[in-house]
Asker: 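Can you read through this structure? Questions will come right after.
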Amino acid sequence: MINIIGITKEDKIEKNLSIQNVNFSNYKWFWVDFNQPTEEEITHLDKTFHFHPLAIEDCIHRLQRPKLDYYEDHTFFVTHIVREDERKLVKEELNFFVGENYIVTFHLLPALEVHHVWEKLSTQTKGGKWDPSYVFHQLLDNVVDNYFPVIYKIEDQLDNIEDNPGNESMNKLMDELFSIRHLLLQFGHTVNPMRDLLYRMLSSRHLKGITKRSAYFSDIYDHLLKLSDMVSSNRDVTADIRDNYLSLNAYQTNNVMKVLTIMTSIFAPLTFIAGIYGMNFEYMPELGWKYGYVFATGLMAIIGVSMFLWIKSKGWFR
Amino acid sequence: MINIIGITKEDKIEKNLSIQNVNFSNYKWFWVDFNQPTEEEITHLDKTFHFHPLAIEDCIHRLQRPKLDYYEDHTFFVTHIVREDERKLVKEELNFFVGENYIVTFHLLPALEVHHVWEKLSTQTKGGKWDPSYVFHQLLDNVVDNYFPVIYKIEDQLDNIEDNPGNESMNKLMDELFSIRHLLLQFGHTVNPMRDLLYRMLSSRHLKGITKRSAYFSDIYDHLLKLSDMVSSNRDVTADIRDNYLSLNAYQTNNVMKVLTIMTSIFAPLTFIAGIYGMNFEYMPELGWKYGYVFATGLMAIIGVSMFLWIKSKGWFR
Amino acid sequence: MINIIGITKEDKIEKNLSIQNVNFSNYKWFWVDFNQPTEEEITHLDKTFHFHPLAIEDCIHRLQRPKLDYYEDHTFFVTHIVREDERKLVKEELNFFVGENYIVTFHLLPALEVHHVWEKLSTQTKGGKWDPSYVFHQLLDNVVDNYFPVIYKIEDQLDNIEDNPGNESMNKLMDELFSIRHLLLQFGHTVNPMRDLLYRMLSSRHLKGITKRSAYFSDIYDHLLKLSDMVSSNRDVTADIRDNYLSLNAYQTNNVMKVLTIMTSIFAPLTFIAGIYGMNFEYMPELGWKYGYVFATGLMAIIGVSMFLWIKSKGWFR
Amino acid sequence: MINIIGITKEDKIEKNLSIQNVNFSNYKWFWVDFNQPTEEEITHLDKTFHFHPLAIEDCIHRLQRPKLDYYEDHTFFVTHIVREDERKLVKEELNFFVGENYIVTFHLLPALEVHHVWEKLSTQTKGGKWDPSYVFHQLLDNVVDNYFPVIYKIEDQLDNIEDNPGNESMNKLMDELFSIRHLLLQFGHTVNPMRDLLYRMLSSRHLKGITKRSAYFSDIYDHLLKLSDMVSSNRDVTADIRDNYLSLNAYQTNNVMKVLTIMTSIFAPLTFIAGIYGMNFEYMPELGWKYGYVFATGLMAIIGVSMFLWIKSKGWFR
Amino acid sequence: MINIIGITKEDKIEKNLSIQNVNFSNYKWFWVDFNQPTEEEITHLDKTFHFHPLAIEDCIHRLQRPKLDYYEDHTFFVTHIVREDERKLVKEELNFFVGENYIVTFHLLPALEVHHVWEKLSTQTKGGKWDPSYVFHQLLDNVVDNYFPVIYKIEDQLDNIEDNPGNESMNKLMDELFSIRHLLLQFGHTVNPMRDLLYRMLSSRHLKGITKRSAYFSDIYDHLLKLSDMVSSNRDVTADIRDNYLSLNAYQTNNVMKVLTIMTSIFAPLTFIAGIYGMNFEYMPELGWKYGYVFATGLMAIIGVSMFLWIKSKGWFR
Ligand SMILES: [Mg+2]
Ligand SMILES: [Mg+2]
Ligand SMILES: [Mg+2]
Ligand SMILES: [Mg+2]
Ligand SMILES: [Mg+2]
Ligand SMILES: [Mg+2]
Ligand SMILES: [Mg+2]
Ligand SMILES: [Mg+2]
Ligand SMILES: [Mg+2]
Ligand SMILES: [Mg+2]
Ligand SMILES: [Mg+2]
Ligand SMILES: [Mg+2]
Ligand SMILES: [Mg+2]
Ligand SMILES: [Mg+2]
Ligand SMILES: [Mg+2]
Ligand SMILES: [Mg+2]
Ligand SMILES: [Mg+2]
Ligand SMILES: [Mg+2]
Ligand SMILES: [Mg+2]
Ligand SMILES: [Mg+2]
Ligand SMILES: [Mg+2]
Ligand SMILES: [Mg+2]
Ligand SMILES: [Mg+2]
Ligand SMILES: [Mg+2]
Ligand SMILES: [Mg+2]
Ligand SMILES: [Mg+2]
Ligand SMILES: [Mg+2]
Ligand SMILES: [Mg+2]
Ligand SMILES: [Mg+2]
Ligand SMILES: [Mg+2]
Ligand SMILES: [Mg+2]
């Protein structure tokens, strides 16, 4: 679907224009939204707007990093909309063509962020402060604000792993940690180029609309700096949690080993002595002694206690 | 509460002014402190001072990194007051609006650092060397000086873990180490942006008041460099402590294993031989021998000593 | 083999020219491809084209990083063609000499990427938009596009290791992981210098042909940035997978140890008691008791259950 | 103690001047050394020399990083004198105020480096090439030269740990390694800021005396670059040693485990069989067989050898 | 020994000149080689050539990083000649003084690289293209070319460790890996400063001779970039090999533990039952049963098979 809003030179807002019979030169500025466009509709990027073929190619293909390209009479931005869905990160591209008197948005999937701003502009009675760079700011602000729930959810999951209220096995926790690390890695590949994109926008001299509203775009840049810090800091925390579990595990293994060794060290000699007096030799003097049994159990008691004290002296019971 | 101090053109200090009926143009300069302001009081940021809406938004919302924004007629600073409380790091925001002839401080929570400087200025008889940038320096200096007790406390806790005077289990020490690492990570997210903030202040040409007192702000920058070093160095030390414990643990496990293996290696064959002569076969010639018992125990002694010597030759007793 | 295409001043394409009797000054521009040249043919680099001896040396020797050298009247590029072959990375050099009115390509091994573009140009009826920098862009684009299947294959192998559908032993998986890490390291040594090469090309003022088509070369640079991100991110993922397996292994060892210790802790004392009453002393009062057997088995039951409960209380069954 | 040397305008050296009655304007240049000054003597920094209060504060307080501050008519340097003492790093501050025609040194503890240069100057008959920047170079050179014995001693200790001539337990070696790592960390916090300090001195245009002798200060910078390399490289080596010990330990544990498992795997079934024929059932046909004993021991031999061969086939004896 | 070659103003080459009676002003340019000079010969650096005392000091002392110092009328270079000798890295210094019309080389040990170029120049009939910067290029090229065999040998050793054809114990392999890591660290401390040295040479405007031949020095820089990549990449590979061995070891330990636990888990209960019926109580009804023996062995079979199946169900046999 291609939606068009035009702001006339008298600052009136005209909606529901059709790409077929709109005359763009009648308007002060206009916003065209390619919302899940058909292949036929996509051809308007070239046919109607004459955008650069490389920018059009970037719209159609996947696997773009957030970026900004300057072309002769327009600037092209690739940004990412991000949602977390059952421990998978879903990234959708939202592309912008920003020119002197127009903004064109392009997204192959539905984008709530665009819908939201579109509604806001539609319900205005006149253009007022709105212009292409204001629309662009509103959209970017929405896109970036929606990154926060993703990282908050990750932080909640990390807290959950730390506290482990459900008493999950370490096995399961390590698996969750692994997927969270993967998620943070992928999220970083959106957040960091977005941060750099904003930085380039702010330090560029080409973008008049943005220079005019630089405080507003700086505010988005702030958010991205914070997000980038949170991603890297949470990666550090996951590494710490894993190391912590590993050292805990090593400590437990050590303790289990000590119990095993104590049991074996005490009972192996005792069982051996019992074995000796269980032998069936005809000539074994001790067997006939009156206090043979007392002697044997006494010997066992002495050995058992000695082993116990020796182990204790090694501090294994601490 | 909104507190106001005004310094008149005659350099006199006037206290207890009220936001409702003060006429700021009568004063050489003034300091307004928004101390835990009500929602109604917050509106004065816009209504009375006409600060930029983005700066006001940053005051109200949490989750700001320390930063500095230039607006047309004022500069806006976000800084962090930090306390350590039962191994949690408590961060509070202290915000500044610094203009030609005023400083406005804003904090949603009580701030001893502000109180301290306020009292100092209040007890002056005349303005003297005080001006907005001097107030700002005094406040920043107090804020940063209070970072040191936090890191000192962390270092004390680390020393405690290293020496382990209470003979805590490794388990517990690892948990403490983990929370200290987390704390250092969070502290670094205040100290490092604060350091960068001071750096930008010092290298900026926009801030006349700061250029004039640059030696004083450099001194704060020094402190932040030192703090940043301490944070990163203490993170390194925590990693070293953990690795040290882990290798100690591995070493102990190895030793426990050796004891277990020695006991088993010596007594398994001996017990087996005792078992053989404990069998009840009718025809077992050794059982009838006169020296059968001596033969069996001698065999055991030989085997036991051989195993002992073999193990010794492997150097496991070292 | 040395193949030559010349574009005449009338924009006609002439093919199958021979190095021996071609007169290059008759052409608007020309493309010479040294395709697996013989030693004799290589001499034409010097004899016919007078390229710089260091550039010629770089053509002949192996072990070049991708790079760009400016010489007086031509620019020399070393690039890598990469294929993955049974978990080995095969790198071939493709070298370019780009001058005002010519492009010379040089490759000691067959290069599909060159063949592909050669065919495309050969089938044109006239020169049109083609010129040396266009040929260069087409070739570079093909070379870099062919990096993607390599990284995709690596990502598929990583997914396979994560899911482990064939139930391979950890042993084998670790080996595969190791070779994938090696591969990524080597791939990074092509992708990263290629990325830097494109960056230098784009920011250089010397290369007129490239400045003219900078949007097109930027598009290749984009791809290389993405590739570089993918390489480093996949290295991170391999490290995560390995750490995950290691912690899983440690966890399993711990569990196996617990079973062992439980079995030993329960049966060692029991077997010892059985051993005691298996001794053959003549005077052992319990043996004659009516309920001796019941007493002994009861004692064993009590000890066995106690050990079981004690271990349970330690939480080892969780 | 405050020691003063003055060089008169006739290039004569005057010693044993007293701070109370010296007239500094009579001298071409002078050197004042605050050697372990009393509180009263410290006041001369302000009273007599009017140094900046922040610089004076830095002299008195501890915990300074090496640094350089420009004040209006003097430059202030903080440097560290370092000694290693029983595996502790002792750092003392040596501070410099360098002006047009004077150098003031300040140290709260005795400093051999200063004493050394003081004696050298005292024994001159005339000023000659000596001037404040020459004194400064001599002192810095001495300070930095004395860093080398510290790192050499660390390297010797590392070599000792690697070779382990005293056959220390891994336990003890890990402890030593830990303290060496700590030491290197602390040493790096002196060496790296000192290196940066020299770099700033060399690239600064403010310091005329240093520009004049830049080759000499470059030479000290060289030493600090080398020291910084050595610190970081030795940290890498300590990490390598630790990893090496850990893998050795894991390998040994594995070997010990194999011995244990071999002993248990061979004797557990044998002892069990002996146990069976040690049972006292009235009706056990084998017990009455003529070759029952031979049969039982033969069975044991077969099982024992089979287990041995099975284990051997697993390669555990390698 | 001090060897001298002079190129006369008529471009003739004169050899075997003596430092005592040569008149340098008669020559267009000259090369003086201090080859293992005596203490007396070293004094000519100052006496005859008046080089800067700091440069002379650097010649005599060890422990220099490769570097470049500009003095008034000459440039001083420190470079390293490197050989690998029985897994030790031997570094020798080769120093250069390069002036307008001379080059002086200085090495305390014999240097094949110098000998090689000396012979090449000696056998020329006239100076031709040779001049001090050409000699310098030839020498540097030889020095750097000889770094490659060192890294190739390291790579061969690494391949050997990976394939382990001699079936060495992990113990020994880890030791070799450790020494290779050390070697790479030390080699990096030559290669990386050499790379930076070439970079500074190429970007400097002071060195006319080098600017003139910049393509040639760029070619050496290329080699050093490649070497630096190889060093860091091989360090990464050694870390990977170690991690691989460690995880293999952990996996084997786990498997050994499983065998141990299986044997113990099956035989401990069986041996216990045999022990029970080996007790000598007078009143044990089962002993008199006709099928007591069958009952006991049946019970053992059931327990043994159950344990076996239980363990199998845990997947330990996989
Ligand atoms: Mg797209
Ligand atoms: Mg926002
Ligand atoms: Mg917003
Ligand atoms: Mg904001
Ligand atoms: Mg961080
Ligand atoms: Mg956090
Ligand atoms: Mg690690
Ligand atoms: Mg706030
Ligand atoms: Mg302070
Ligand atoms: Mg203070
Ligand atoms: Mg200070
Ligand atoms: Mg540090
Ligand atoms: Mg410390
Ligand atoms: Mg080549
Ligand atoms: Mg492409
Ligand atoms: Mg393409
Ligand atoms: Mg593209
Ligand atoms: Mg990454
Ligand atoms: Mg991935
Ligand atoms: Mg001090
Ligand atoms: Mg020195
Ligand atoms: Mg010296
Ligand atoms: Mg030197
Ligand atoms: Mg290093
Ligand atoms: Mg070293
Ligand atoms: Mg030397
Ligand atoms: Mg070479
Ligand atoms: Mg060469
Ligand atoms: Mg080359
Ligand atoms: Mg690398
Ligand atoms: Mg490699």
Side-chain angles (χ1 to χ4, degrees), chain A residues 52 54-55 57-58 63-65 67 69-71 167 169-171 174-175 177-178 181-182 185-186 188-189 193 239 242 245-246 249-250 252-253 255-257 259-260 262-264 266-268 270-280 284 286-294 296-297 300, chain C residues 148 162 214-216 218-219 222-223 225-226 229-230 232-234 236-237 239-241 243-248 250-255 257-258 260-287 307 310-311 314-316 318:
Chain A
H52 196 285
L54 286 166
E57 190 189 281
D58 284 345
L63 202 95
Q64 297 297 322
R65 301 170 90 235
K67 64 159 188 176
D69 285 332
Y70 301 114
Y71 293 108
N167 249 317
S169 73
M170 195 193 84
N171 205 353
M174 287 300 103
D175 251 32
L177 212 56
F178 177 73
R181 282 179 71 79
H182 203 134
L185 196 65
Q186 290 177 313
H189 283 299
R242 186 170 60 201
Y245 273 115
L246 271 175
N249 195 61
Q252 282 182 354
T253 300
N255 278 353
V256 170
M257 285 293 312
V259 170
L260 172 62
I262 290 168
M263 294 309 288
T264 301
I266 290 175
F267 286 103
L270 301 189
T271 302
F272 167 60
I273 291 170
I276 283 185
Y277 294 112
M279 294 192 300
N280 297 319
M284 283 182 68
E286 297 96 322
L287 295 183
W289 293 354
K290 182 144 191 215
Y291 296 106
Y293 179 42
V294 175
T297 47
M300 289 171 184
Chain C
F148 282 97
E162 264 185 74
S214 77
Y216 289 90
S218 279
D219 183 56
D222 261 14
H223 284 30
L225 277 179
K226 180 76 193 175
D229 265 10
M230 288 167 91
S232 97
S233 147
N234 277 305
D236 286 357
V237 169
D240 276 8
I241 293 178
D243 287 348
N244 208 33
Y245 273 115
L246 270 175
S247 64
L248 186 62
Y251 173 71
Q252 281 180 356
T253 301
N254 197 334
N255 278 353
M257 286 292 313
K258 280 177 182 169
L260 172 62
T261 304
I262 290 167
M263 293 308 288
T264 301
S265 298
I266 289 174
F267 286 103
L270 302 189
T271 301
F272 167 61
I273 291 170
I276 282 184
Y277 294 110
M279 295 192 300
N280 297 319
F281 287 102
E282 275 170 31
Y283 184 72
M284 284 181 68
E286 296 96 323
L287 296 184
M307 291 304 297
W310 178 69
I311 287 165
K314 293 193 142 218
W316 291 6
R318 225 180 313 154

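Each chain gets a letter, A, B and so on, in the order the sequences are listed, and its residues count up from 1.
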Asker: Indicate yes or no for a side-chain donor-acceptor contact from Thr297(A) to the backbone of Val294(A) under 3.5 Å, with no hydrogens or angles considered.
Answerer: yes

Asker: By a 4.5 Å heavy-atom criterion (distance strictly below it), what part of Gln252(C) contacts chain A: side chain, backbone, both, or neither?
Answerer: neither

Asker: For Asn234(C) and Met230(C), indicate whether the former's side chain and the latter's backbone hold a donor-acceptor pair under 3.5 Å.
Answerer: yes

Asker: Enter the distance from Met257(A):CE to Thr253(A):OG1 here, rounded to the nearest 0.5 Å.
Answerer: 9.0 Å

Asker: With a 4.5 angstrom heavy-atom cut-off, is it the side chain or the backbone of Met284(A) that approaches chain C, or both, or neither?
Answerer: neither

Asker: With only heavy atoms counted, which part of Tyr71(A) is less than 4.5 Å from chain C, the side chain, the backbone, both or neither?
Answerer: side chain

Asker: Quick check for you: among Phe272(C), Tyr283(C), Tyr216(C), which has the greatest number of heavy-atom pairs under 4.5 Å with chain A?
Answerer: Phe272(C)

Asker: Would Arg242(A) and Asp243(C) count as a salt bridge (charged side-chain N to carboxylate O under 4.0 Å, His left out) if you check the C-alpha gap in whole Å, the side-chain angles of each, and the deciding distance to 0.1 Å?
Answerer: CA-CA 9 Å; Arg242(A) 186 170 60 201; Asp243(C) 287 348; 2.9 Å; yes

Asker: Is there a donor-acceptor contact under 3.5 Å from the side chain of His223(C) to the main chain of Asp219(C)?
Answerer: yes

Asker: Is chain A contacted by the side chain of Ile311(C), its backbone, both, or neither, given a heavy-atom distance below 4.5 Å?
Answerer: neither

Asker: Hey, is Asp58(A) close enough to Lys67(A) for a salt bridge, meaning N to O under 4.0 Å?
Answerer: yes

Asker: Which residue out of Leu225(C), Thr271(C), Asn280(C), Leu246(C) racks up the most heavy-atom pairs below 4.5 Å with chain A?
Answerer: Asn280(C)

Asker: Does any heavy atom of chain A fall under 4.5 Å from the side chain of Leu248(C), the backbone, both, or neither of them?
Answerer: side chain

